[in-house]
Amino acid sequence: MALDKERLPREVVAMRVARELPDGGFVNLGIGIPTLVSNFIPDGSVVFYHSESGVLNCGPLAEEDEQDIDLINAGGQFLQMVPGMAFFSTVDGFAMIRGGHVDVTVLGAHQVSATGDLANWMLPERGVGNIGGAMDLAAGARQVIVAMEHTDRQNNAKIVQDCTYPITGKGCVSLIVTDLAVMEPTPEGLVLKEVAPGWTVEEVQELTAAQLLSAPDLKEYEL
């Protein structure tokens, strides 16, 4: 049964997403798996990280003995100081997003629909939510990539035909990367582009609540 099979670690999901980031691009990373993406940028590539907290050219996460309470990202994680780091108000940080100056944002999600609707700010069954910068990023970033586990902790599908959770942004997601597959939402439906090693299309479909359309060049997860 597909539920019993080993899935890819979070670091591998982040590694796969890192291949999508443009050299010289301005990139915003959300909380969770997206944060790990910065550890896997290919040698020779340069990425300028942006944070809603008012930082551009964020450094990597700080070691425990280097943590500075005044130097954090939007998720409250401590950052290392790097040359060329710029600081400004959170108002300007959001103006960069709303002005279309963020090339890519990588976000987590509670649900993503087959046509790229994103729901990532509230879990109705828990009655809690946090809007943060997600709605601005969903509307303002030039490309939205979702990096997440394929199912939730109860193995409920997070990739659905239509979102049942409150929507963050309509049709904004251009690529979904999970611990099982790489998928592209399109107007025709959800296209399965890559499958994790050891997994079949049928097994991925078993854990997906949207109908998958296999790409003509469907291949194994590519790093």
Side-chain angles (χ1 to χ4, degrees), residues 1-22 27 29-43 45 47 104-120 123 125 134 138 143-165 167-169 171-223:
M1 187 177 178
L3 289 176
D4 301 325
K5 297 187 69 170
E6 184 176 356
R7 308 185 190 190
L8 294 172
R10 292 157 58 92
E11 289 77 11
V12 174
V13 177
M15 192 182 303
R16 176 61 186 83
V17 172
R19 295 183 60 246
E20 300 293 327
L21 303 186
V27 176
L29 300 178
I31 299 169
I33 293 176
T35 302
L36 303 174
V37 172
S38 61
N39 296 329
F40 300 105
I41 301 304
D43 290 341
S45 292
V47 174
V104 180
T105 184
V106 184
L107 300 172
H110 301 316
Q111 288 181 336
V112 183
S113 78
T115 54
D117 297 342
L118 172 67
N120 75 343
L123 286 169
E125 62 266 28
Q143 182 182 11
V144 178
I145 298 174
V146 166
M148 65 178 185
E149 283 89 3
H150 205 87
T151 59
D152 65 17
R153 293 177 183 176
Q154 289 73 45
N155 275 313
N156 298 311
K158 297 175 71 172
I159 300 163
V160 295
Q161 193 62 37
D162 298 293
C163 292
T164 57
Y165 291 170
I167 297 290
T168 306
C172 60
V173 177
S174 60
L175 195 70
I176 308 167
V177 182
T178 77
D179 48 2
L180 299 184
V182 178
M183 294 146 289
E184 180 182 2
T186 73
E188 292 73 37
L190 191 60
V191 177
L192 180 64
K193 299 168 69 72
E194 299 174 25
V195 178
W199 285 75
T200 66
V201 173
E202 292 74 24
E203 289 169 335
V204 174
Q205 180 65 78
E206 184 182 336
L207 297 175
T208 307
Q211 183 61 44
L212 295 172
L213 309 173
S214 294
D217 59 345
L218 177 66
K219 55 192 173 185
E220 191 173 275
Y221 215 87
E222 190 170 70
L223 297 176

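What's counted below: heavy atoms across the whole structure, side chains too, no hydrogens, waters or symmetry copies.
- Asp179 places no side-chain N or O within donor-acceptor distance of the main-chain N or O of Glu149, the cut-off being under 3.5 Å.
- The only option from Thr178, Val182, Val177 that meets the side-chain contact (heavy atoms from CB on, under 4.5 Å) definition with Val13 turns out to be Val177.
- Glu194 places a side-chain N or O within donor-acceptor distance of the main-chain N or O of Glu222, the cut-off being under 3.5 Å.
- Distance check: Glu188 CD to Leu213 CG gives 8.5 Å after rounding to the nearest 0.5 Å.
- A distance-only check finds a donor-acceptor pair linking the side chain of Asp117 to the backbone of Gly171 [under 3.5 Å].
- His150 NE2 to Asn155 CG: the interatomic distance, rounded to the nearest 0.5 Å, is 10.5 Å.
- Atom NE2 of His110 is separated from atom CG of Leu118 by 9.5 Å, given to the nearest 0.5 angstrom.
- Remark: Ile145 CD1 to Leu107 CG distance equals 9.5 Å, nearest 0.5 Å.
- Counting only heavy atoms from C-beta outward, the side chains of Leu29 and Ser38 approach each other to under 4.5 Å.
- Here the side chain of Gln205 pairs a donor or acceptor atom with the backbone of Ala210 at under 3.5 angstrom.
- Scanning both residues, Val191 and Ala215, for their nearest heavy atoms gives CG1-CB, 3.7 Å.
- Once rounded to the nearest 0.5 Å, the distance linking CG of Leu8 with CG of Leu223 reads 8.0 Å.
- Smallest separation of non-hydrogen atoms from Pro185 and Ser174: CD-O, 3.7 Å.
- Smallest separation of non-hydrogen atoms from Gly198 and Glu203: O-OE1, 3.9 Å.
- Nearest heavy atom pair, residue Thr164 against residue Gln111, reads N-OE1, 2.8 Å.
- The backbone N or O of Glu6 sits less than 3.5 Å from a side-chain atom of Trp199, completing a donor-acceptor pair.
- The main-chain N or O of Glu184 is never found under 3.5 Å from a side-chain atom of Lys193 such that the two would form a donor-acceptor pair.
- In terms of heavy-atom proximity, Asn120 sits nearest to Ala134 at OD1-CB, 3.6 Å.
- When all heavy atoms of Tyr165 and Ala119 are compared, the pair lying nearest together is CB-CB, 3.8 Å.
- Heavy atoms of other residues, nucleotides or ligands lying less than 6.0 angstrom from CD1 of Ile31 number 12 at most.
- The backbone N or O of Thr115 sits nowhere less than 3.5 Å from a side-chain atom of Thr186 that would complete a donor-acceptor pair.
- Annotation: side chain of Val106 is in contact with side chain of Leu21 (closest heavy-atom distance under 4.5 Å).
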Met148 vs Val112, test: side chain to side chain contact (heavy atoms under 4.5 Å, CB included). Steps then yes/no. CA-CA 10 Å; Met148 65 178 185; Val112 183; 4.1 Å; yes

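- The side-chain contact (heavy atoms from CB on, under 4.5 Å) test with Val144 is passed by exactly one of Val104, Ile176, Thr168, Thr105: Thr105.
- Side-chain contact between Glu11 and Asn39 is absent, with no heavy-atom pair separated by less than 4.5 Å.
- We find the CG-CZ distance between Leu180 and Arg7 to be 5.0 Å, quoted to the nearest 0.5 Å.
- Formation of a donor-acceptor pair under 3.5 Å by the Gln211 side chain with backbone atoms of Gly189 is not found in this model.
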